[in-house]
Protein chains: 4
Amino acid sequence: MSPPARRTGRPRSAEADRAILGATRAALVELGWSKLTMGDVAARAGVAKTTLYRRWTNKSELVVDAVAALLDEQLELPDLGSLRADVEETVLRFAALLARPEARTSLMAVVAEATRDEALRERIRTAIVDRQKRLVLLGRERAQARGELLREADLAAAARNADLIFDVIAGAVMHRTLVSADAVDAPWARDFAELLLCGLPAPAPAQKPAGSV
Amino acid sequence: MSPPARRTGRPRSAEADRAILGATRAALVELGWSKLTMGDVAARAGVAKTTLYRRWTNKSELVVDAVAALLDEQLELPDLGSLRADVEETVLRFAALLARPEARTSLMAVVAEATRDEALRERIRTAIVDRQKRLVLLGRERAQARGELLREADLAAAARNADLIFDVIAGAVMHRTLVSADAVDAPWARDFAELLLCGLPAPAPAQKPAGSV
Amino acid sequence: MSPPARRTGRPRSAEADRAILGATRAALVELGWSKLTMGDVAARAGVAKTTLYRRWTNKSELVVDAVAALLDEQLELPDLGSLRADVEETVLRFAALLARPEARTSLMAVVAEATRDEALRERIRTAIVDRQKRLVLLGRERAQARGELLREADLAAAARNADLIFDVIAGAVMHRTLVSADAVDAPWARDFAELLLCGLPAPAPAQKPAGSV
Amino acid sequence: MSPPARRTGRPRSAEADRAILGATRAALVELGWSKLTMGDVAARAGVAKTTLYRRWTNKSELVVDAVAALLDEQLELPDLGSLRADVEETVLRFAALLARPEARTSLMAVVAEATRDEALRERIRTAIVDRQKRLVLLGRERAQARGELLREADLAAAARNADLIFDVIAGAVMHRTLVSADAVDAPWARDFAELLLCGLPAPAPAQKPAGSV
DNA sequence: TATTAACCGAGACGGTACGTCGGGTCTTGTA
DNA sequence: TACAAGACCCGACGTACCGTCTCGGTTAATA
């Protein structure tokens, strides 16, 4: 069932594979998705266009693969002694990643493409989202150990909550960077952490009776 | 201030503006971003291609404006009597909009394109971001009137805060929808509103004594 | 029958007429027929396009009028004492005229346009051809007076002959200049006059028995 | 000498060359120069527009070649036994060609365009002028073989002379047809051949006693 | 060692859309 | 009315990229 390993004929050049992916990543950084052309990638890789199409059926497929390789870098969770400090630092690290043009461009390109490609969406979910979610889980673990966070009884609720926090953090940073086109700097990170930990500033401390969720 | 110029010559047809934006939205729905062509939009609008390019330099710019109009008409702030309910409802409305393929696709395409196009970024900011921020401002106004929110003394801080809240709400919804590829439904909206209003659940109400923040 | 002289309303600006024709000639010289645009002419004349179209229905009509004015300069027949010398000098003068880009360009443009415009053809015939034919008639007159040329008995034949000579001289110069793209210089003029006066070089003097022609 | 290059890559389709030139001629006949469009030619030829532009940079260049092919196929030198008869027949054949509107129109259009386009002038020279000059060379060869013409000693002079004769014949016919707008018919051809072979009718330098005619 | 099938580069091909340009018309406000 | 300005419709222009298709030539496994 698995590919019976083509046997006859000249085998494909592994060199070419490497060169093509490298050239694609370079072109992505310089030009972005929409101005990247197959002809240009081929030229950069010192390869014929035919060679590209022998391996990938599409511009999309090629670029997605190139991006996937690019995004294998991972964020690491800091441990600064308090939940608030850890959140701020994580936000700043993620923003630093998004500040790099190749990351920003290719991430968005792949997300945009995914808006009309179910398979790609699934691929993003497993390759990126699920992998980064561990940061939230780990951070919560630590905070609970420190006594900074309530330990949730309901397991399902706990999972749902982790998902929510992940979307809030990642979404806020991405939205500010890519849509609002504003900088994510230390003051913003501080304000964001404050909001995340304490919520909107209610007028009277007495308004929140004891025992509320 | 801005429109004192343009006195001589035949004025631009407002009719054409409407027809073009309408045709663009219709084409987006039917074809999606990538298959939408300027020529087709012109034909649908009963207008010459030149007339499009006299108003928008690009396919991107045109689509940004069409999307902005779409958001304008679709997003209204509800008034359900409490900040919490208003937030939930707004989140759900925004999610409903993103569930429509033409909105999702074109919004993301435009954002992706903007990652390497400063002018487009600026246009998104003025045409979409600044315009939708009114929802946050209006919502805060009402909540303060109801006594649900502290009235901020510092004006600059108030503005910064509105920006932050906007990015958090819009970012969370977009990220969950487009990146995490999960549904934004009523339970999620409830959890999100809870988090936004109250922050992460601290273990004891008395735990935050002196010296905080 | 003659134009009843419009009376009401603002009269047309004679200034504008002059400016337009001048601008057209200037544009013809610089750009040639095909790259001359109505918009450019209007701009040079400091006039709106509407004003052009109020006076001429077409680009063609406008340019033809401009060319006609240009060609009102005339060639003068020299009198150098012999038919041969007069022919050579006339050829060189005509060539000098064709060497001027505005003359060359606009003349050809108008002729090309005439290939599909009967009315224009007629206009060229009366405005240019018939007017220049006088040179042939005058030259023949003088040569006959000097005894260099046979005086034709048949009047119709004489007229036909003048037409022929005109086409041969003008045609040869124009063809060499415009089609063959070679220079019409003194040696060529000499060779041409020799050919015109004596015909192709026959091998034996005895071949043309008396009384021929 | 000229085609040693071009070794790699897919070779250009000779089929396409034929189809394009054929389609161009057909379009010229139906539409004339100014209404002929590259897109239409491509469609008729069953070829992409790109393929046209890969071979010809311009509408003008393409039409020049199409016209050249037209002349090639239409103009053959007759052999009627005498130089005089051959000249007459050639003149009539050329005139018949110029009577066809597509030939007349496109030839003139191309020449007019060339008055301000050096590259086009060069192309006309090589594609049309040099190619048709063969008729003069061949005709002279035959006439000399028959003993009707002097064999020139000086080679350079012979070449100059062929150029001259070509310009005289082609120029006279074109001028009469296109500028004078008169018919080139059998009588005119006879008069022209007489003039070309014998020159202007001199009164016989002393040979002919006074009072002749 | 010779065969041979699949590879490779180059580049032409049919398409489709792009953004621009010019022709000729129409619509303003002003003189 | 004419005029300057400039928007309008139309249609062709020449370009760019897509993904496919020959070409002539190379290269490793097989026979």
Among residues at least two apart in sequence or on other chains, which ones pass salt bridge (charged side-chain N to carboxylate O under 4.0 Å, His left out) with C/Glu15?
C/Arg18
Length of the line joining A/Arg12:CZ and F/dA29:C1', which is rounded to integer Å
16 Å
Across all chains, not counting sequence neighbours, the side-chain contact (heavy atoms from CB on, under 4.5 Å) partners of A/Ser60 are A/Trp33, A/Asn58, A/Glu113
Counting side-chain heavy atoms from CB outward, which of E/dC18, F/dC3, E/dG11 is closest to B/Thr37?
E/dC18
Checking C/Thr50 now: which residues fulfil side-chain contact (heavy atoms from CB on, under 4.5 Å) with it, not counting sequence neighbours?
C/Ala48, C/Arg54
Nucleotide N/O of nucleotides 19-21 of chain F paired with protein N/O under 3.5 Å:
| unit_1 | atom_1 | unit_2 | atom_2 | d |
| --- | --- | --- | --- | --- |
| F/dG19 | OP2 | A/Tyr53 | OH | 2.9 |
| F/dG19 | N7 | A/Lys49 | NZ | 3.1 |
| F/dG19 | O6 | A/Lys49 | NZ | 2.9 |
| F/dC21 | O2 | D/Arg10 | NH1 | 3.0 |

Can you see if the side chain of C/Arg54 gets near the phosphate of E/dG24 - specifically, an N or O under 4.0 Å from OP1 or OP2?
no
Heavy-atom nearest nucleotide on DNA chain F for A/Asp40 versus B/Ala14: which residue maps closer to 5'?
B/Ala14
Strictly below 4.0 Å, N to O, side chains only: are C/Arg55 and C/Asp17 in salt-bridge contact?
yes
Short side-chain N/O contact to E/dC7 OP1/OP2 from A/Arg55, under 4.0 Å
no
Which pairs of donor and acceptor atoms, one on a side chain in residues 19-30 of chain C, lie under 3.5 Å apart (sequence neighbours left out)?
| unit_1 | atom_1 | unit_2 | atom_2 | d |
| --- | --- | --- | --- | --- |
| C/Thr24 | OG1 | C/Ile20 | O | 2.7 |
| C/Glu30 | OE1 | C/Arg44 | NH2 | 3.1 |
| C/Glu30 | OE2 | C/Arg44 | NH1 | 3.2 |

C/Arg104: which residues meet the salt bridge (charged side-chain N to carboxylate O under 4.0 Å, His left out) condition with it, sequence neighbours left out?
none
